[in-house]
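Read the structure below first, then the notes.
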Amino acid sequence: MATQFITETKRTHSCGALRGSDIGKEVVLFGWVQNRRDHGTLIFIDLRDRDGLTQIVFDPDLGKEAHERAQKLRSEWVLGIRGKVRARGQQMSKKEGKVISATNDKLATGEVEVEVYEMEIFNESETPPFEISEHVKAGEELRFQHRYLDLRRPQLQQSIIKRSKMNAIVRSYMVENGFLELETPFMGKYTPGGARNFLVPSRLNPGKFYALAESPQLYKQLFMVAGFERYFQIVKCFRDEDLRLDRQPEFTQIDVEMSFVTQDDVFTIIEGLIKKLWKGVLDIDVPTPFRRLDFYESMAKYGNDKPDLRFGLEHVELTEVIKRLGPDAGVPMITEAVEQKGIVKAMVIPAQYPLSRKETDDLEVFVQGMGSKGLGRAKISETGEWTQAPLFKNAKPELRAEILKATGAKSGDLILFQFGKESLVHTVMANLRVHIAKKLKLIPEFGSGGVWNFLWVVDPPLFEFDEETNQWAAAHHAFTRPHDECVQYLETDPGKVKCYRYDVVLNGFEIGGGSIRLHKPDVQAKVFKALGIGDVEAREKFGFLLDALKFGAPPHGGLALGMDRLAMLLTNAESLRDVIPFPKTQKGTDLMTGAPGDVDEKQLRDLYVKTTAQPK
RNA sequence: GGGGAGUUAGUUCAGCUGGUUAGAACGCCGCCCUGUCACGGCGGAGGUCAGGGGUUCAAGUCCCCUACUCCUCGCCA
């Protein structure tokens, strides 16, 4: 008499659980058909659940009725089976013509199999649009349309499971350290500056809009003013900016804020958290404290504020050399660039990594793709001649000598140059450095633990000059605390003011950032003044925060870690999309649901909204 | 907003200098098979070459436009 699965017969083991020690047990497994190998009489099925694979065998001698129905089984059908665990043992192989071991070392459960005498087919499946297999690579477009199937793939599933584990580790660590998990609104008031906001029209307040929080920044500061002292939250943030492989319009932060702390106190807490995460997820001990790198040094050597320190290829600044030699240098293009306030930087590719002419040309195409006019190059020959160096054809010997001295280039080395507008030179050189490192395989593989190069980038400028508006703008936000010794420059020389802002960087990814906040109204006033923000404007934009700071705000600071990027790095994923269950495409669409979608006229009327988009 | 790559069978791709009936592998369907494990053997079905326009005696192939996907610069305090 057949048992009723689920209601009467409960699952006893997962598909990843059975071992040699379970031989002889009667078990019940539930799962999906991963694979079917039908030998006519014997039928092997790999049954899959989130925990693993178990081979189940249908043998007409042991369960005639089950075997009969097993012939129909196809990929992704959902089954419940009852049977007995047995050793795979030694079997006569027809292929080999002799008795061999039938165990499968590739499977955790490979020592055993389950002989089935009863089966219920919970559900059949249509042939899936792509195989749920590690061996077959379906395109992302198709995988996104059927994300629920894509999420069945063990690799992706394991990444999502790791994320769940990360959440648990974060919560337990933060709570242990006296942090309160507090919630903040997603729908808030639009505040200017920073990322573009998603807007939500208010039906009850015609013509008014909420802004989806780009981060809980302001609210978490208010928690400090309120006296909660230590706050954290694993929270969604929303930014309506263009996507990249490490950027999604909605993403998750581990948001942290603490009262009565210095920058060092924040670092210690975050280093401890990262240590726990790496230990818990990868069983790797991360050494602390992390290295600290001055912002300006980072820009000079690596061209950005999130350097990958797993390899060298440091940049060398040549601007001063060119300035010193003036028009006598013999390379008018470079001299001109410097005269127009540009900079000159170089990078040496050591002789042990020879690049062909074609490869170097490809590098030029690469930099041109970023807006560079070209790639200056000079190959130093055995005899010290400069070859493949049209730019330096008429360069004076002093210049060549100075460049060799500054770069330390030796015979056989290739020197690459960029010159021109500072921001472009930095962008191009920073990307070129990473591009070449990948090409030359200077970056250690993830396997065998990988190399985890954590660092804090510290002491950046509080302001940066915005050439478009011809004004100083906040480099981070207007509530970052300047170094005490820099306060004197707030009015006279804003560019000189460094601040307590910090980014935590791992292998070229900014995984988090934050600052110690300004809590003194008088200094705050000076910062607003430097930014050209008047009292009225400040009140209008940040009134509630300024008010709050007046009623006894404690010194405080914090940081936010990018949960998605952490997950991406911890799982060796190539993209954020591989650690987010339901990600969006580069145009911000969801290929499964079709979001964003149309709404009808009535909905828009209710919201007092009219679209100006032209119908297609 | 700019630059680049791509779109051919269910899937991943090949398709040369424009020229017969658009191919392969996997998957799918059928038959056979008692030790497979990405089983194997034999047979079969399956195509709006993204969409539109153009050049040509002739277009998957050349040109233009559009859509979508990806990478990237700008943007992301």
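Below, chain A is the first sequence line, B the second, and so on; all start at residue 1. Please read these numbers as outputs of a predicted model, since none were measured by experiment.
- Summarising the base pairing, B:C76 is matched to no nucleotide, lacking a Watson-Crick or G-U wobble pair whose two defining distances lie under 3.5 Å.
- Searching all strands for a Watson-Crick or G-U wobble partner of B:A45 with both distances below 3.5 Å returns nothing.
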Fill in: Base versus backbone protein contacts along nucleotides 40-45 of chain B [heavy-atom cut-off under 4.0 Å; B, S, -]
------
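- Here B:C70 is the nucleotide among B:G35, B:C73, B:C70 with the atom lying nearest to any side-chain atom of A:Gln586.
- Using a 30° and 60° split on the angle between ring planes, A:His483 and A:Tyr500 fall in the tilted class, from 30° to 60°.
- Between A:Asp246 and A:Arg565, at least one side-chain N (NZ, or NE/NH1/NH2) sits under 4.0 Å from a carboxylate O, which counts as a salt bridge.
- Taking only side-chain atoms of A:Phe144, from C-beta outward, the nucleotide of B:C70, B:U34, B:U36 with the closest atom is B:C70.
- Comparing the C1' positions of B:G44 and B:G27 gives an interatomic distance of 14 Å, to the nearest angstrom.
- A:Asp38 and A:Gln71 share no side-chain donor-acceptor pair at under 3.5 Å.
- In a base pair of the Watson-Crick type (N1 to N3 plus N6-O4 or O6-N4) or a G-U wobble (N1-O2 and O6-N3), with each distance short of 3.5 Å, B:C68 is matched with B:G6.
- Remark: the backbone N or O of A:Ala567 is paired with a side-chain donor or acceptor of A:Thr571 at under 3.5 angstrom.
- For the pair A:Glu131 and A:Arg153, the salt-bridge criterion is not met [side-chain N within less than 4.0 Å of a carboxylate O].
- Within 6.0 Å of atom CZ in A:Phe366, more than 12 heavy atoms from other residues, nucleotides or ligands are found, so the atom counts as buried in its surroundings.
- Straight-line distance from the CZ atom of A:Arg247 to the C1' atom of B:C75: 7 Å, rounded to whole Å.
- For B:C73, one of the phosphate oxygens OP1 or OP2 lies less than 4.0 angstrom from a side-chain nitrogen or oxygen of A:Asn431.
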Where do N or O atoms of nucleotides 8-10 of chain B meet protein N or O atoms at under 3.5 Å, pair by pair?
unit_1: B:G10; atom_1: O2'; unit_2: A:Pro129; atom_2: O; d: 2.9

